Every structure is written in structure tokens, then in C-alpha cells.
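Structure first, commentary second.
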Amino acid sequence: MNNSSLLKRDLAVLWHPCTQMKDHETLPLVPIHSGKGVWLKDYEDKKYLDAVSSWWVNLFGHSNPKISNAIKNQVDTLEHVLLAGFSHEPAISLAEKLIDISPPSLQRCFYADNGSSAVEAALKMSYHYWLNTGKEKKTKFITLSNSYHGETLGALAVGDVALYKKTYKPLLMECIVVPSPDCYERDEGQSWEEHSEKMFQQMEKALAKHADETCAVIIEPLIQCAGNMRMYDPIYIKLLREACDKYNVHLIADEIAVGFGRTGTMFACEQADVSPDYMCLSKGITGGYLPLSVVLTTDQIYQAFYDDYENLTAFLHSHSYTGNPIACAAALATLDIFEKENIIEKNKFLAEKLGSSVADLQDHPNIGEVRQTGMVVAMEMCKNKKTKEPFPWQERRGLKVYLHGLENGVLLRPLGNVVYFMPPYVITNDEIDLMASVAKSGIEIAVR
Ligand SMILES: *Cc1c(COP(=O)(O)O)cnc(C)c1O
């Protein structure tokens with residue numbers, strides 16, 4: 001088997017996610033044979049450093065022996081059982097662990113099997129909570145501009161990335177969209193904190209106006225990842241928590257991308273010292289091995305559904321693979337690595353190295369900003385540094401960085417004009433240097 005024979009077979013039968021398939025008339029499609037640590041290897045033994053953790057899911061490297069072994073052990077014991085009327089030890093242990101490490105008011109775990117499904121469950125739960133407590137006028141959601149919460153219709157509706165959403169607008173429920181605290185947009189001389197605090201005024205206004213009809217505010221804490229890695233200050237989450245309490249509106253923290261250490265703390269909400277009413281987790285939860293997601297919520301919300309069956313207040317929502325035991329075993333092994341290897345502490349050094357590896361780009365005439373939150377570093381290419389005028393999207397500058405990366409053995413997958421690093425936590429200093437040097441030469445070519 002070689003690359004080209006696989007490509008031919010692939011293009012005859014597959015329809016790839018998030019892809020204009022016609023692009024593959026000219027763009028390479030890379031068949032991967034195996035992975036080890038941060039490295040992926042194709043069928044002709046060419047290696048690629050996975051700088052984006054395979055769409056932000058991988059935490060401790062490909063083919064990690066600890067996670068692989070946990071899965072092997074689980075497979076021969078119990079591969080799957082329905083989670084209604086039945087239970088299993090991996091699901092219970094994982095729920096106990098997640099409740100233990102997540103913000104204090106989160107006391108219940110509802111499993112699903114991917115990020116979008118977790119968002120859907122949280123939205124439905126919030127609406128249903130208000131219905132069960134006699135507030136049937138609450139049917140709307142408040143979201144931030146430039147936010148992303150997944151691709152299924154409910155998750156898409158509460159997102160705001162036009163590229164994914166615009167086409168499907170007639171199918172989507174309407175939301176109240178409040179301008180994002182995105183600090184790339186701050187005035188010169190303003191700090192992230194000042195800008196985030198200033199932007200909160202519009203959220204406060206929206207809450208004051210719409211509280212009676214609003215179930216929840218949904219946010220991606222600290223980083224709008226799919227929205228081009230735009231970042232903001234924890235003060236915004238702090239103020240939002242206070243306002244949600246004041247106006248009797250739920251707070252949904254979508255930590256699907258930022259959870260499990262990406263922002264420097266285990267969960268991003270910790271940096272604001274905030275407990276949301278719902279926290280959605282997925283992606284890194286299994287170390288990047290298997291699909292699994294969870295909605296964590298409070299005991300107070302759980303109790304609003306707890307009643308005699310005849311009163312029909314139960315949350316009758318399910319997915320076939322809810323809480324799959326193999327996925328739970330992978331998640332338990334992942335959490336074990338965090339704990340035993342003191343990952344959050346160790347990552348502080350890695351984060352520093354990540355940031356310093358591209359700090360010199362700050363002065364580049366076509367880089368509007370190099371920004372960082374924890375283990376995520378983003379470099380925004382622009383046409384005019386002074387005005388931050390972007391390159392027109394049609395020019396697909398990011399794609400040039402992507403192609404240069406592939407040629408030079410680094411998997412960078414820019415979001416529009418934004419090149420970013422979100423690598424597995426097992427990356428070494430030398431590998432960071434390689435990743436940074438390929439990103440820099442790629443940017444040089446792309447901005448020409
Ligand atoms: C990826 C992502 C989702 C959707 O998760 P899927 O597993 O791809 O459905 C939702 N919210 C955020 C913040 C994400 O980054």
C-alpha cells in the first residue's frame with residue numbers, strides 16, 4: 001500500500017468533513033498509517049508533527065501506551081452496554097473523578113458521545129429546567145458573536161461563525177447575539193482586562209432586557225477556538241456569573257475545546273473562580289482516542305427533574321453510545337496521567353517555551369498579533385499591521401502555510417489568516433523549535 005493508491009480509493013468513496021472536495025483535485029490528501037507521540041506517519045514513511053492535536057483532541061500523544069493499555073483491558077471485559085437501567089464501573093468512576101476536579105457546584109454527570117451532542121443536551125436541559133420550575137416563557141439563548149458550539153442544528157444555532165452557519169440559517173432557532181469580548185479588537189493601549197470589562201456592558205444590557213425570555217448564556221471560556229483563536233480575560237466570566245445569578249439565567253460553559261489544560265488550568269472557568277450551571281466537555285476527555293462527551297451540572301438543576309414518573313418531568317434524552325465503557329476507560333487513563341505526572345504544573349514550562357518560540361513574530365509587518373492563553377498560541381496574519389486590515393479570505397493565505405507545513409513535516413491547519421499551535425502535551429523543546437521555524441517560514445511565504 002502506498003499514498004497514491006489509497007488516495008485514489010479514498011476519493012472514490014469518501015466525503016470528508018469540513019472540506020470542499022473539489023480542492024482535492026489539486027490539494028494533497030494525506031493518508032496516515034500510524035502515529036507515535038506528536039508524530040504522524042504516512043504510507044511512505046513521511047512524518048508530520050501534529051501541531052493541532054488532530055483537531056484539538058489529542059493530549060498525550062498518538063498511541064500513548066497508558067491509554068492504549070487501558071482500552072485493551074476494557075475491550076475484553078465489557079465493550080458496551082446501554083446506560084438506561086444499567087450501569088458500569090468505568091462510567092461511575094469517571095463521573096466521580098470529573099465531579100472531583102471540576103468547579104465545586106457541578107455534582108452530576110450526563111454522558112453523550114460528541115461535543116455537539118453535549119451542547120444540545122445542555123441547551124435542552126436548561127430550557128427544560130425552567131419549564132419544570134414554571135418559567136415557560138424562557139425559551140431563548142444568549143450567545144457571543146464569533147462563537148462556535150458545534151455543527152448539529154441546535155449547536156449551530158447558538159454559534160456565530162458565518163462560514164459554518166449562514167447557509168443553514170432558515171433551519172436554525174434564533175438567538176440573542178452579544179458582541180464578543182475578543183481582545184484582538186481592543187483599542188491601542190488597552191489591557192485585555194479593560195477591554196473584556198468594557199465589552200461586558202453589552203452583555204449586561206442584553207441580560208437586563210431579555211432575562212425573562214432567556215434560558216441561558218452559552219460561552220467558550222477564555223478562547224473562541226474555532227472563531228480564529230480569539231481570546232479574552234477571565235474578568236468577563238466573573239462578571240457574567242454574577243449577572244446570570246442576578247437575572248436568573250443559566251450559564252453554560254462550553255469547555256469542549258478549552259477543557260483539560262488547554263488554557264493553563266484544568267478548566268478555563270477556574271481562572272475566573274466560577275462554577276457554571278452546565279459545563280460541556282469532550283475532545284481531550286479521552287486523550288483523543290474515542291468519542292465521548294459529558295454535561296456536568298448542579299444538584300439544584302438535577303432536582304428539578306426528579307419527581308414521580310407520571311408528572312413527566314424527566315429528561316428523556318439519550319444517545320445509543322452514551323457513556324461507552326471503552327471511551328470511559330480511555331478517559332480514566334487520561335485523568336490518571338494528569339494526576340500522576342503533574343501535567344498542569346509541567347505545562348507551565350511548555351507554555352512559556354511555546355510563547356517564546358514565536359515571540360519575535362510580534363514585530364513582523366504582517367502579523368497583527370501573537371496571542372497566547374496557556375497551551376494555545378495564535379499568530380494572526382494581516383495585510384496592514386497598523387489598521388489590522390485582514391487579507392481577503394479569498395486569497396486563502398492560511399492554506400499556503402498549511403501546504404508549506406506539509407512539505408516540511410509539520411501539520412499546521414490555520415483557521416483563515418490565523419496560524420496557531422495547540423500541540424499534544426508530550427511535545428519536546430526541540431519539537432517546538434521545529435514547529436515554530438516551519439510556521440515562520442510558512443508565514444513568510446504566505447504573506448508575500
Ligand atoms: C469542537 C467543538 C464543539 C463540537 O464538538 P464535536 O465533537 O466536533 O461535535 C463544540 N464546542 C466547541 C467549543 C468546540 O471546539
Side-chain angles (χ1 to χ4, degrees), residues 1-69 71-72 75 283-284 286-291 330 350 354 357-358 377 379 381 396-416 418-448:
M1 241 177 299
N2 58 21
N3 285 354
S4 60
S5 71
L6 280 165
L7 291 194
K8 214 168 143 217
R9 284 168 56 199
D10 177 300
L11 292 174
V13 289
L14 287 194
W15 190 345
H16 287 267
C18 202
T19 299
Q20 171 47 267
M21 291 300 292
K22 187 166 190 283
D23 273 359
H24 286 308
E25 287 182 8
T26 50
L27 278 189
L29 176 67
V30 189
I32 294 300
H33 170 265
S34 56
K36 190 75 208 159
V38 297
W39 294 99
L40 295 165
K41 203 158 77 177
D42 71 13
Y43 282 78
E44 285 159 15
D45 283 341
K46 184 168 165 59
K47 287 165 75 188
Y48 306 88
L49 193 164
D50 188 354
V52 299
S53 298
S54 286
W55 264 349
W56 322 338
V57 299
N58 192 290
L59 298 185
F60 299 119
H62 296 279
S63 304
N64 180 293
K66 285 192 184 148
I67 305 173
S68 297
N69 281 328
I71 289 174
K72 287 174 196 164
V75 156
K283 292 207 165 109
T286 60
Y289 267 69
L290 287 162
L350 266 188
L354 272 180
S357 73
V358 286
V377 175
M379 298 141 263
M381 298 188 289
R396 301 182 83 180
R397 304 265 175 169
L399 190 59
K400 295 180 184 173
V401 178
Y402 174 73
L403 288 170
H404 175 82
L406 285 188
E407 273 166 34
N408 292 281
V410 179
L411 165 45
L412 296 161
R413 202 173 191 277
L415 293 152
V418 177
V419 182
Y420 70 91
F421 302 148
M422 194 159 165
Y425 306 155
V426 295
I427 193 167
T428 64
N429 284 346
D430 286 348
E431 287 161 348
I432 291 176
D433 287 335
L434 170 70
M435 178 173 76
S437 105
V438 171
K440 284 178 201 172
S441 50
I443 287 169
E444 235 25 270
I445 290 164
V447 301
R448 239 183 242 154

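Everything numeric in this text was worked out from a predicted model, so none of it was measured.
Taking Asp45 as the reference, Lys41 meet the side-chain contact (heavy atoms from CB on, under 4.5 Å) condition, with sequence neighbours excluded. With sequence neighbours left out, Asn69 forms a side-chain contact (heavy atoms from CB on, under 4.5 Å) with Lys72. Here Glu407 pairs with nothing under the side-chain contact (heavy atoms from CB on, under 4.5 Å) rule; sequence neighbours left out. Not a single side-chain hydrogen bond (donor to acceptor under 3.5 Å, both in side chains) links Tyr402 to another residue, sequence neighbours left out. A search for side-chain contact (heavy atoms from CB on, under 4.5 Å) contacts involving Gln20 returns Lys22, Asp23, not counting sequence neighbours. Asp50 meets the side-chain hydrogen bond (donor to acceptor under 3.5 Å, both in side chains) test with Ser54, His62; sequence neighbours excluded. A search for side-chain hydrogen bond (donor to acceptor under 3.5 Å, both in side chains) contacts involving Ser5 returns Asn2, not counting sequence neighbours.
For residues 436-448, every residue pair satisfying the side chain to side chain donor-acceptor pair (under 3.5 Å) rule, not counting sequence neighbours, is listed here: Asp360-Lys440, His364-Glu444, His404-Ser441. Sorted by first and then second residue, the salt bridge (Lys or Arg N to Asp or Glu O under 4.0 Å) pairs with a member in residues 52-67 read Lys66-Glu341; sequence neighbours excluded. Judged as a ring-ring contact (aromatic ring centres under 6.0 Å, His included), the pairs with a partner in residues 425-448 (not counting sequence neighbours) are, in order, Phe60-Tyr425. Contacts classified as ring-ring contact (aromatic ring centres under 6.0 Å, His included) and involving residues 10-40 (residues at least two apart or in different chains) are given here: His33-Tyr43. For residues 426-437, every residue pair satisfying the salt bridge (Lys or Arg N to Asp or Glu O under 4.0 Å) rule, not counting sequence neighbours, is listed here: Lys353-Asp433.
You'll find the side chain of Leu399 reaches within 4.5 Å of the side chain of Leu27, heavy atoms only. Counting heavy atoms from C-beta on, the side chains of Ile427 and Leu49 come closer than 4.5 Å. Between Pro28 and Leu403, some side-chain heavy-atom pair lies under the 4.5 Å cut-off. With contacts defined as side-chain heavy-atom distances shorter than 4.5 Å, the pair Val419/Val358 does not qualify. At least one side-chain heavy atom of Ile32 sits less than 4.5 Å from a side-chain heavy atom of Tyr48. Looking at Leu59 and Lys283, their side chains never come closer than 4.5 Å, going by heavy atoms from C-beta outward.
With values rounded to the nearest 0.5 angstrom, Leu29 atom CG is found 5.0 Å from Asp10 atom CG. Interatomic distance, Asn429 CG to Leu350 CG, rounded to the nearest 0.5 Å: 7.0 Å. The structure places CE of Met381 at 9.0 Å from NZ of Lys400, a figure rounded to the nearest 0.5 Å. How far OG1 of Thr286 is from CD1 of Ile71: 7.5 Å, rounded to the nearest 0.5 Å. One distance of note links CZ of Arg9 with CG of Leu14; it measures 10.0 Å at 0.5 Å rounding. In this structure, CG in Leu6 is found 10.5 Å from CG in Leu11, a value given to the nearest 0.5 Å.
In plain terms, the two heavy atoms of Gly405 and Val438 that are nearest each other are CA-CG1, 3.8 Å. A pairwise comparison of heavy atoms in Pro424 and Ser53 identifies N-OG, 3.0 Å as the closest pair. Annotation for Tyr420 and Met379: closest pair CA-CE, 4.1 Å, computed over non-hydrogen atoms. Between Asn3 and Pro31, the shortest heavy-atom distance links the atoms OD1-CG, 3.7 Å.
Of the possible polar contacts, none joining the Ser63 side chain to the Lys36 backbone as a donor-acceptor pair under 3.5 Å is found.
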Residues Leu354, Met435; criterion side chain to side chain contact (heavy atoms under 4.5 Å, CB included); working and verdict: CA-CA 10 Å; Leu354 272 180; Met435 178 173 76; 3.6 Å; yes

